[in-house]
There are 2 protein chains.
Amino acid sequence: MDGGLMARKVTSLQVAERAGVSQSAVSRVFTRGASASPATVAKVKKAAAELGYRPNAMARAMITGKSRMIGLVVAYLENQFYPEAVERLSNALQERGYHVLMFMASPTAGDDVQSVMEEILDHQVEGIVLASVSMSSSLSTRCAEHGIPVVLFNREQDDPRMSAVTTNNYGGGFAIGTHFAELGHSRIGYIAGFEGASTQRDREQGFRDGLASAGLDLSAREVGNFIYADARAAALEMCAGTDRPEAIFVCNDHMAFAVMDALRFKLGLRVPEDISVAGFDDVPIAAWPAYDLTSYRQPINRMVAQTVEALMQRIEDPTRPAHRAKLEGALIQRGSTAPAKG
Amino acid sequence: MDGGLMARKVTSLQVAERAGVSQSAVSRVFTRGASASPATVAKVKKAAAELGYRPNAMARAMITGKSRMIGLVVAYLENQFYPEAVERLSNALQERGYHVLMFMASPTAGDDVQSVMEEILDHQVEGIVLASVSMSSSLSTRCAEHGIPVVLFNREQDDPRMSAVTTNNYGGGFAIGTHFAELGHSRIGYIAGFEGASTQRDREQGFRDGLASAGLDLSAREVGNFIYADARAAALEMCAGTDRPEAIFVCNDHMAFAVMDALRFKLGLRVPEDISVAGFDDVPIAAWPAYDLTSYRQPINRMVAQTVEALMQRIEDPTRPAHRAKLEGALIQRGSTAPAKG
DNA sequence: CTGAAAGCGCTAACAA
DNA sequence: TTGTTAGCGCTTTCAG
């Protein structure tokens, strides 16, 4: 029984007429927490099923002021970390009855984020997640005024009103630094991400401090901008000469793959025999035997859970202070790093 | 000047009062194609800027019946082909003034798609894109009744009312088949995707027919379900024994990487010297030197363009017939396939 | 428990 | 060109 009455748009009024009740009775039957007698519920549900009625989420949102939509701005989808995050975030939100309005942003163009955010706000989202994207402080002010909670995912900002969920990037960089020191390497290279990103800055500072704690220093540094091709060029620049490093920390896995590819297939070097490489994120590909990449794992499940939690709390109570979570990750040692040759 | 008047929700009425005009005058200024005198426009824009007013997209949508939202259901985000498609689709839609309401679906659970689609419809989207997901015919009937255009992306269905954009999967499989034949291989293996997927069926049939056209036949077949771990197991099952194939066609690149990893690092085989491997999709990773995978390229830009086109046409004119595009791809020969040893 | 009535913020006739 | 008016489909008082 599909009752295909070919009604273009079935409204609660039509259901009411068919069920012989008032329109508001229909509304009550479909509103959680409203009361109706079993008899009415039965009549209404029957009529609704016959007509194929479903409440119009937009009309409901207008009244209640709750759209049940969360805006998600994302960039760098070619880095496997983000599709994974988007998938889990979307699922977690769906479980809570929220839906995701998604926007792509180019990470380096701040202007872009501005306009995209305005459009999101126009759609009356109840909250916004910015993944791998920063925002101007004037924009964060506007969101605060609108009372719309914003959570930065895998990025930080100085503005303390801004909620942010990150891994301890400094700690992760530090761990890689001491790992290299323990392996006995002394000529060390670093390939940076996009310089404007807090993750890049924190990981580099942690790495430098980790090296320093063992009396070591960086001897080479290039910039890869979180882009495969840039990272490849950076690796060649760093390692094509005679005084190449013994170990390189690459600011994320996505670039580390480019570096390993360049070292192995362009320069004919072996990893880890000739040179050690470590990344950051621990995306699934890092575990594939072709790379078997040592990396610092971001606790993506906990990051997503914290993000959702931060959102829900501030939606319920907008006066709550910003939620700033800095989670611990874990060094995953694999075959791309090895002790210095005796 | 940010005019932070801390108004939680600025409405057109407030703008009207401040500008000394009627509420509908404000509406006209913000409605494309409505007329207002330069003087009114100036007054209204000024007041709006001071108040930080932006039209409520939902209220507008209720009146006009156009939400400017497209629902996107997607699965298999770990296969790089889909994040790439999502990114381009989202961008193309944004350019046309549409926004994307995104949902994750588990590809094997048809039930799941059903409920997710209902939720999407509740939000009054103007169209739906199903990427790597099929739907029951009863569901497609419902969408037809609602007058909501649905486009299948990278998947086909028998129902002719359903728009679908695909690559010529049969042709792609055929091309791989003849490629193997030309290389002189005779013991041939195939690793299938999820058996319920039209892409899997079409690629396999094309491949078999391609082989047949050269007098060849399949000598081994396993199922990888589009999942890395399953594909790995399939490869081991197929190649661990003594009578392994000389060449394997894997139904998509994502699984082909698993197969190459298993052959090289578990079985100690060389690709292509000991065994040739080809995939399908030509995702960016296929071009990375670690894999250098021969593949059949899907014309993703044209697929996205066709999808958007199909959507826009049927939104404008719902009576238009379904749009079924089957695009030609291209065989990309790389280093993972080589001639049979003399 | 139920129906009538009042809007949510906006656009689209319709007069003026 | 403008203001007035009538809703879009729904939830939510408020009487009954």
Side-chain angles (χ1 to χ4, degrees), chain A residues 7-45 47-48 51-69 97 119 121-126 146-147, chain B residues 7-45 47-48 51-69 97 119 121-126 146-147:
Chain A
R8 248 312 277 279
K9 230 79 187 184
V10 185
T11 73
S12 58
L13 193 61
Q14 297 172 43
V15 176
E17 280 165 4
R18 181 174 252 257
V21 297
S22 73
Q23 182 270 329
S24 44
V26 176
S27 172
R28 280 190 202 98
V29 171
F30 284 93
T31 307
R32 207 188 65 86
S35 54
S37 71
T40 332
V41 172
K43 279 191 296 187
V44 169
K45 291 227 153 163
L51 258 32
Y53 169 77
R54 301 208 105 218
N56 179 326
M58 285 190 358
R60 171 176 284 173
M62 280 212 65
I63 292 285
T64 60
K66 328 219 110 284
S67 64
R68 311 235 66 161
M69 294 198 303
E119 289 181 40
L121 288 172
D122 292 351
H123 281 273
Q124 313 302 114
V125 297
E126 293 185 52
H146 282 253
Chain B
R8 251 310 280 279
K9 230 79 189 186
V10 183
T11 73
S12 59
L13 194 60
Q14 297 171 44
V15 176
E17 281 165 3
R18 181 174 252 257
V21 297
S22 73
Q23 183 272 328
S24 49
V26 177
S27 172
R28 277 190 204 99
V29 171
F30 285 93
T31 307
R32 209 187 64 87
S35 53
S37 72
T40 338
V41 171
K43 279 192 294 187
V44 169
K45 290 227 153 163
L51 258 32
Y53 169 78
R54 302 207 105 220
N56 181 326
M58 287 189 9
R60 172 177 284 172
M62 281 214 64
I63 292 286
T64 60
K66 328 220 111 282
S67 64
R68 311 233 65 161
M69 293 197 302
E119 289 181 38
L121 289 171
D122 292 350
H123 281 272
Q124 314 300 117
V125 296
E126 293 185 53
H146 281 254

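First the proteins, then the strands, lettered A, B, ... as listed; each starts at 1. Source: prediction; values computed, not measured.
Rounded to whole angstrom, the span from the NZ atom of B/Lys66 across to the C1' atom of D/dC8 amounts to 14 Å. Here the C1' atom of nucleotide C/dC10 and the NE2 atom of A/His123 are 14 Å apart, to the nearest Å. The separation between B/Met58 atom CE and C/dC10 atom P is 11 Å, rounded to whole Å. In this structure, the CD atom of A/Glu17 is 13 Å from the P atom of D/dG9, given to the nearest Å. Rounded to whole Å, atom P of D/dC8 lies 20 Å from atom CG of B/Asp122. Atoms NZ (A/Lys43) and P (C/dC1) sit 14 Å apart, rounded to a whole Å. For the pair B/Lys9 NZ and C/dC8 C1', the computed distance is 11 Å after rounding to whole Å. We find that CD of B/Gln14 is positioned 11 Å from P of C/dC8, with the value rounded to whole Å.
Here C/dA12 is the nucleotide among C/dA12, C/dC1, D/dC10 with the atom lying nearest to any side-chain atom of B/Ile63. Nearest to the side chain of A/Thr40, among D/dG9, C/dC1, D/dT2, sits C/dC1. With C/dT11, D/dT11, C/dT2 as the candidates, the nucleotide lying closest to the side chain of A/Ala36 is C/dT2. Distances from the side chain of A/Asn56 to the nucleotides C/dG9, D/dC10, D/dG3 place D/dC10 closest. Closest approach to the A/Ala25 side chain among C/dC10, D/dG9, C/dG3 is made by C/dG3 (side chain taken as heavy atoms from C-beta onward). For B/Arg28, taking side-chain heavy atoms from C-beta onward, the closest of the listed nucleotides C/dT2, C/dG3, D/dT4 is D/dT4.
For A/Ser37, no side-chain nitrogen or oxygen approaches OP1 or OP2 of C/dC1 to under 4.0 Å. Between A/Ser12 and D/dC10 there is a side-chain N or O to OP1 or OP2 distance below 4.0 Å. For B/Thr11, no side-chain nitrogen or oxygen approaches OP1 or OP2 of C/dG9 to under 4.0 Å. Note on A/Ser35: every side-chain N or O is 4.0 Å or more away from OP1 and OP2 of C/dT2.
In this structure, a donor-acceptor pair under 3.5 Å is present between the side chains of B/Thr40 and B/Ser37. Side chain to side chain, B/Gln124 and B/Ser67 fail the donor-acceptor criterion of an N or O pair below 3.5 Å.
Remark: side-chain polar atoms of B/Glu17 are not paired, donor with acceptor, to backbone N or O of B/Ser12 under 3.5 angstrom.
Using a 4.5 Å cut-off on side-chain heavy atoms (C-beta onward), A/Leu121 and B/Arg54 make no contact. Residues B/Met69 and A/His123 form a side-chain contact, since some pair of their non-hydrogen atoms from C-beta on lies under 4.5 Å apart.
Using a 4.0 Å heavy-atom criterion, one finds that A/Ser27 contacts the bases of the nucleic acid, with or without backbone contacts as well. Contact annotation for A/Ser24: base contact, defined as any heavy-atom pair under 4.0 Å involving a base atom.
Shortest non-hydrogen contact noted between A/Val10 and A/Tyr53 is O-CD1, 3.5 Å.
Heavy-atom distances to DNA chain D give each of B/Gln23 and A/Ala59 a nearest nucleotide, and the one nearer the 5′ end belongs to B/Gln23.
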